[in-house]
Amino acid sequence: MKPAEHMVAEAVAETPFRYRIPRRGAMRVPGVVFATRRLLPEASGDQALQQVADVATLPGIVTASYAMPDVHWGYGFPIGGVAATDIAEGGVVSPGGVGFDISCGVRLLAAGCDRDGLGRRLERLMDGLGRRVPRGAGRGGVWHVSRAELAEVLAHGARYAVERGHGVPRDLERCEDGGTLPGADPGQVGERAVDRGLGQVGSLGSGNHFLEVQAVDVVHDAAAARAMGLAPGQVCVMIHCGSRGLGHQICTDHVRAMDPVMPRYGIEVPDRQLACAPVDSGPGRAYLAAMAAAANYARANRQLLAEAARRAFAESVGCGLDLVYDISHNMAKLERHPVGEDAAPRLLCVHRKGATRALPPGHPDLPADLSAVGQPVLIPGTMGTASYVLTGVADGDAWHSTCHGAGRVRSRHRAAREIDGHRLRGELEAHGVAVRASSWRGLAEEAPQAYKDVDEVVAAAEGAGLCRKVARLVPLGVVKG
DNA sequence: ATGTCC
């Protein structure tokens, strides 16, 4: 198979919310980008569309290489990319299709108070959260585990954290996969990854990760919001973080393992960052077992941070926090879906990188009390702007996936050069958003000006028929990594 | 995203 390096990817409008990159060269399927003209990456400055085309060359890919409205350039795969491969047809798994921050995701908790009831206690609450939430690059976590305990975290995720008293059993009903992604093998996690993971359980990290105190600003779907436990004006906590240095090291290790053995499986890719192996192969199975372990680590991480937030709320506000949902947006999952004209579902490896699973109403994996409304889809906005709760729809495209956030449009470097962190903090505080940051540069890198407009991204995702809006949330205070 | 280069 000839690499696709000479192609220039061009997107052709099919509808106002759907663009097509026609199949050519080594592409096995077309590219499909769900976006408006305005949200489409510029072919000149951003390689994201070429990356959508490159992903379409992967062995076993079915139907299309998809991109969500927040798509932008990433490592190998675009961020905002969705690709499914047919395992029985030699379909591959690619670490670049998951990303370095394996199982980066979002957890939303609903507080037993509303924004008016919070009032002047917000500053005291933010101080408590600022003390209790470890954050910043390289920083340690709230739960220091032994090697034996870490192996349990890797195997059982949030379920193990709850068994050890860090949370309540109901939390697990509101986690993707009940808090434990099956198939994790701590034995496939390298020593270095283990060393990095030991001290970071219960820590935010840096970049666009945050813990925000938010309030429900608009309810778009009253019945769905009610079923999720959300009401107008209600205070919420949103936690956005991932698998820290452990997931990063696992990605690095498995890309290195796959890169030299691709010829053994007859695989040629147009970009080395698309290193991959058949799901049904030694390196493929090893990666998926390690990836699942990192996914469990990320869930336990968010579980511990939720407990830290509960203590801060109990202390400063005197109210509880109920888990609404916990969902990842950087994962590869084995799922059964009908493909093309065939009615019989096929077992697929669905890569979602900067894309969120969006199960429709009635799906068997949903908890009983959410079955009628569908899976909560949690969309973290850019710092200081809105976030969203969405839900899956019955005829959802792209293997029931939607967007994951705003999507970066200005590089970290450029944002840090052009924006002053001190001044940005002043602007946020002037808009009524309390800020507890870890570094001025980090704050500047995550300025709203560096991202697409999350309202526009969500409107495009809904317009494209990928999801429905349930509620819009606005920040009252942000604890920033 | 990331002990922002082993």
Side-chain angles (χ1 to χ4, degrees), chain A residues 48 51 70-81 94-107 134-141 144 150 189-211 239-257 259 272-273 275 287 290-291 293-295 297-299 301-302 305 327-332 351-356 380 382-383 404-417 421 438-447 450-451 480-481:
Chain A
Q51 290 187 315
D70 46 341
V71 63
H72 60 109
W73 180 88
Y75 176 89
F77 279 56
I79 295 162
S94 173
V98 172
F100 275 94
D101 193 3
I102 296 168
S103 199
C104 180
V106 182
R107 169 173 291 228
R135 58 198 188 275
R139 290 289 302 281
H144 290 266
L150 182 65
V189 178
E191 199 176 351
R192 252 170 107 181
V194 166
D195 287 340
R196 292 179 71 172
L198 278 171
Q200 295 188 322
V201 185
S203 64
L204 271 184
S206 62
N208 64 353
H209 291 167
F210 64 69
L211 183 151
I239 298 167
H240 178 205
C241 65
S243 51
R244 304 293 328 275
L246 177 129
H248 190 276
Q249 192 64 49
I250 286 172
C251 182
T252 301
D253 293 345
H254 287 262
V255 165
R256 276 193 196 140
D259 184 66
R272 277 186 77 176
Q273 296 183 352
Y287 171 69
M291 183 212 73
Y297 184 95
R299 288 147 191 219
N301 189 23
R302 291 191 286 273
L305 289 172
I327 183 77
S328 170
H329 48 235
N330 279 6
M331 286 272 281
H351 302 72
R352 295 186 182 88
K353 179 190 192 178
T356 315
T382 309
M383 176 181 57
H404 88 300
R408 186 175 277 280
V409 289
R410 204 185 292 196
S411 72
R412 291 182 195 287
H413 182 77
R414 207 183 130 200
R417 195 177 63 224
S438 82
S439 88
W440 297 115
R441 184 190 163 96
L443 203 66
E445 288 177 349
E446 298 306 319
Y451 284 84
K480 197 72 196 72

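A note on names: the letters A, B, ... follow the listed sequences, proteins ahead of strands, and every chain is numbered from 1.
Spacing between atom CZ of A:R441 and atom P of B:dT4 amounts to 13 Å, rounded to whole angstrom units. Nucleotide B:dT2 holds its C1' atom 19 Å from the CZ atom of A:R135, rounded to whole Å. Between the CG atom of A:D253 and the P atom of B:dT2 there is a distance of 16 Å, given to the nearest Å. Residue A:E446 contributes atom CD, which lies 13 Å from atom C1' of B:dT2 at whole-angstrom precision. To the nearest angstrom, C1' of B:dT4 lies 9 Å from CZ of A:R412. Straight-line distance from the NE2 atom of A:H413 to the P atom of B:dT2: 20 Å, rounded to whole Å. Atom-to-atom, CD of A:Q249 to C1' of B:dT4 comes out at 14 Å; the value is rounded to the nearest Å. Nucleotide B:dT4 holds its C1' atom 17 Å from the CZ atom of A:R139, rounded to whole Å.
Of the residues near DNA chain B, A:A137 and A:D101, the one whose nearest nucleotide (by heavy atom distance) lies more toward the 5' end is A:D101. In this structure, A:R256 and A:H248 both approach DNA chain B, and ranking their closest nucleotides by distance from the 5' end singles out A:H248.
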- Message: Walk me through whether A:V98 and A:Y287 qualify under side-chain contact (heavy atoms from CB on, under 4.5 Å).
- Response: CA-CA 11 Å; A:V98 172; A:Y287 171 69; 3.4 Å; yes
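Side-chain N/O atoms of A:R244 include one lying less than 4.0 angstrom from OP1 or OP2 on B:dT2. A close approach under 4.0 Å does not occur between any side-chain nitrogen or oxygen of A:S206 and OP1 or OP2 of B:dT4.
A:Q200 comes within contact range of the sugar-phosphate backbone alone, with a heavy-atom separation under 4.0 Å but no base atom that close. The residue A:G245 sits close only to the backbone: its heavy atoms come under 4.0 Å of sugar-phosphate atoms, none of a base. Among the atoms of the strands shown, none is found under 4.0 Å from any heavy atom of A:G99.
Taking the six-membered ring for Trp and the full ring otherwise, the centers of A:H240 and A:H329 sit less than 6.0 Å from each other.
Rounding to the nearest 0.5 Å gives a distance of 11.0 Å between CD of A:Q200 and CG of A:L150.
A:S328 contributes a side-chain N or O that, together with a main-chain N or O of A:C104, makes up a donor-acceptor pair within less than 3.5 Å. Under a 3.5 Å cut-off, the side chain of A:K480 and the backbone N or O of A:H209 do form a donor-acceptor pair.
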